[in-house]
Amino acid sequence: MWNAKFLLGVGSVLHLAHHASAFVASDRQSRCAQMPTPPTPPQALSMTNDDDDVSSVKKKRVVVIGGGWAGFSAADALATAPADSVEIVVLDASPRGAGGLAGSWTTKGGRPVEAGVHGFWREYRNTFAAIERIGLDLDDVLGPYSPSVLVSKSGRVALAPVLAAGDDAEGSGSSRQMMNLFSSPLESLAELLPPPLDVALVSEFNPSSPLTVVDRVSAVGLLGAWADFGQEDKASWDIYNKVSAEELFLKKAGVTKGLYDELVQPLLHVLPMCPGYDCSAAAALSCFHVFALQSKGAFDVRWCRGGITEKIFDPWAKKLLERGTVDIRGSSRVSSVTQLSDKGADKNGFEVVVNDGQDKIQCDGVIFAVGGVSMGKIVAASTETGELMGSQGFERSRGVTCVAIRLFLRPDTTTKGLLGGKHGSTQLPRDMARAMKDTPVVVCGPDIGSIPELKEVGFCIYDLQRMQDQFAIDHAPSDPNVAVVEVDFFRADSIASMSDDDEVAALTLKAIAKALGTKEIDPSQVVDKSVVRARDAVSHFAPNAPFPDVRIKEGISMAGDWIDRRGHASWSTEKSVVTGRQAAASIAKDLGLDCKAGTIPAAPDTTELSVLRSVASKLRAAVPPPGSGIPPSPWAYAREVLDGSR
């Protein structure tokens, strides 16, 4: 019972902060208009100004629309083809081009900011491989695996430790220190248990939590759906994507209202980043599978040690440009994509119209590496593009609005010996430092402090002095006169609509105080700030949301965290990287290109989960679940019989 609860709770506690990184995984075109406009990058990002007529060159030309993780991954794979066989043009609406919204810039005071803090989970195998292919050392880019604290509207719920500590980077607050907090017998026993039961044994729950034994026992009701849902099974996605997560947990699994409010709802607001009634059951189960059940330590997370542009996308762009076959163009918003043969042209291929006709690129293949909302806008604006893409349900795509606030504060007395981060000291107020002593990452569910603007808003709090070298007290700080805290809000339409940045900063300080139980910081202590409003910037996995396949037709593929959800068992950045490479492989096959575009398979199911899945499959074949097709828990079934709904 205790352990089953963890399927919902701590198994995702660490991932919750992950959706700060999901800010950028969707690779949207439309989002860049919502943030401060940075300087236009140098023209060095443009490889060539050659004639765009595909008939004048022997090389195959591929246009990649979107310059985030998916787009760069696709370009990276295609660029492994012989230089005389291909040229790749990467288009992104952002002036930065490299990284899109994943990019970073500076405040008016010259201090570095970015659109959300970026986490990298242990099972991000393809993402780590992509970083290493750039020639980067993971330990130079990422900090140690860190724990996270989960907070509900009732207060602190649990501290989830780093479980599989052994290959993380060193640091004053490393995961090894966290594991030493637990007794050796518990650690030894945890090593023998499969996920998520191992984490449940060594996690620290708040004794004042309102969760009762009955609440925890009720989580067992989810085991049927857990075993029945296949992360990489199309039939499972078709069934569970039609049902809301709220119906799954409360009606089918029969978890108690207490468990739902204290654990499930907070997790839904920071994982798929929406309330249960507006979240697909398939998306909810997929999150738990990828970030809790996939393998031991699957929810262990590392954080970027600085801005993601500086650490990853700048060197990545440089590497791509050095190959001589890649052209990266910022400020390039795609208006339409049409098939040349459909216009009666004397050749096959496609025409990509950029910036309402200011530029037209003819090519042999196209990869759409943008989010669902952007894709919907492109198709809606161009009948020809809609006909080219076919019936994919883009009109059903929705986005989640996120707001990232970075506050630079007058420094308080230095607090040392803090755990969980790359660095062990902070100059945040002493009571705030004590509240975050175990970890620099605190994850919060909705309705914190009964603040009206936070009714359906989840958020994460980050102490960046402990996470990023550029702000660290003990690591040549770039600005020794400030403490730095970031808060990333999800489903934050109510905050994005606030036009006054000072009001947003004041609300953020209030949210921090309510979540941590600390004194509210006076706004006069804020010496600099950044507010990034990213409207519809993250994929919204609502019931019946579309999940297009990677391959649309010959010469047309798609990539992104919302693509092929029924395929490779991955999420967010990892899904973007995987589908980017899969899209490149599809285009390469169509055009006869010899490139290296393989992907690393997701971790297989644990032995225990495989057995459960086998049993569930046989039960489904023998006695198909009625109605929605989702197996109810015994008590949920009995309730349906008693109330006459069965």
Side-chain angles (χ1 to χ4, degrees), residues 17 19-20 23 30-38 101 104-117 151 153 266 269-270 273-275 399-412 427-429 431-432 435-436 442-464 471 479 481-538:
H19 269 289
F23 246 102
S30 61
R31 55 204 177 182
C32 65
Q34 319 294 341
M35 67 187 74
T37 302
L101 184 59
S104 56
W105 56 99
T106 59
T107 65
K108 292 180 180 179
R111 296 180 174 92
V113 296
E114 57 188 333
V117 179
V151 174
K153 61 184 179 181
H269 278 264
V270 291
M273 296 161 52
C274 50
V400 176
T401 293
C402 302
V403 179
I405 295 92
R406 184 167 295 187
L407 300 177
F408 299 87
L409 309 172
R410 288 189 174 87
D412 204 317
Q427 292 170 311
L428 291 174
D431 60 344
M432 188 173 172
M436 300 178 69
V442 177
V443 183
C444 308
D447 204 21
I448 296 296
S450 298
I451 300 172
E453 293 86 352
L454 302 183
K455 183 67 177 178
E456 286 195 346
V457 177
F459 59 97
C460 295
I461 304 170
Y462 305 97
D463 179 355
L464 295 188
F471 302 123
D479 189 345
N481 300 313
V482 294
V484 190
V485 62
E486 172 145 343
V487 180
D488 294 341
F489 293 100
F490 318 122
R491 196 178 173 94
D493 300 86
S494 58
I495 301 174
S497 64
M498 299 169 62
S499 58
D500 190 326
D501 286 358
D502 289 337
E503 291 183 5
V504 174
L507 175 65
T508 301
L509 294 174
K510 185 175 183 180
I512 292 172
K514 292 295 185 182
L516 301 181
T518 56
K519 181 180 178 181
E520 187 172 333
I521 299 172
D522 191 281
S524 65
Q525 297 301 303
V526 178
V527 300
D528 200 358
K529 62 182 175 294
S530 169
V531 179
V532 178
R533 298 169 177 84
R535 292 178 173 86
D536 296 327
V538 175

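In this text, all values refer to a predicted model and were calculated from it rather than measured experimentally.
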Side chain [X], main chain [Y], donor-acceptor under 3.5 Å:
{"X": "T401", "Y": "D536", "answer": "yes"}
{"X": "R535", "Y": "A496", "answer": "yes"}
{"X": "D528", "Y": "T107", "answer": "no"}
{"X": "H269", "Y": "F490", "answer": "no"}
{"X": "D488", "Y": "C402", "answer": "no"}

Counting C-beta onward and ignoring hydrogens, is there a side-chain heavy-atom pair between [X] and [Y] closer than 4.5 Å?
{"X": "V403", "Y": "M498", "value": "no"}
{"X": "I521", "Y": "P429", "value": "yes"}
{"X": "L464", "Y": "V117", "value": "yes"}

Nearest 0.5 Å, please: how far is [atom2] in [Y] from [atom1] in [X]?
{"X": "T508", "Y": "E453", "atom1": "OG1", "atom2": "CD", "value": "10.5 Å"}
{"X": "L454", "Y": "L507", "atom1": "CG", "atom2": "CG", "value": "5.5 Å"}
{"X": "E456", "Y": "D447", "atom1": "CD", "atom2": "CG", "value": "9.5 Å"}
{"X": "S450", "Y": "K153", "atom1": "OG", "atom2": "NZ", "value": "8.0 Å"}
{"X": "D412", "Y": "Q427", "atom1": "CG", "atom2": "CD", "value": "8.5 Å"}
{"X": "C444", "Y": "L516", "atom1": "SG", "atom2": "CG", "value": "6.5 Å"}

Checking side-chain contact (heavy atoms from CB on, under 4.5 Å) for the pair E520/K510: CA distance, chi angles, key distance, verdict? CA-CA 6 Å; E520 187 172 333; K510 185 175 183 180; 3.9 Å; yes
For the pair L509 and V526, evaluate side-chain contact (heavy atoms from CB on, under 4.5 Å) and give the outcome as yes or no after the intermediate values.
CA-CA 10 Å; L509 294 174; V526 178; 4.1 Å; yes
Minimal non-hydrogen separation, [X] against [Y], with atom names:
{"X": "A404", "Y": "G116", "result": "CB-N, 3.7 Å"}
{"X": "R491", "Y": "M273", "result": "CB-O, 3.8 Å"}
{"X": "V113", "Y": "S530", "result": "CG1-CB, 3.4 Å"}

Decide yes or no on side-chain contact (heavy atoms from CB on, under 4.5 Å) for V457 and S494, but give the supporting numbers first.
CA-CA 9 Å; V457 177; S494 58; 4.0 Å; yes
The single option from L407, V504, I461 that satisfies side-chain contact (heavy atoms from CB on, under 4.5 Å) with V487 is I461
The single option from I405, V151, V270, I448 that satisfies side-chain contact (heavy atoms from CB on, under 4.5 Å) with F459 is I448
Taking NZ, NE, NH1 and NH2 as the nitrogens, is one of them in D501 or R533 under 4.0 Å from a carboxylate oxygen of the other? yes
(request) Decide yes or no on side-chain contact (heavy atoms from CB on, under 4.5 Å) for D502 and K529, but give the supporting numbers first. (result) CA-CA 9 Å; D502 289 337; K529 62 182 175 294; 2.7 Å; yes
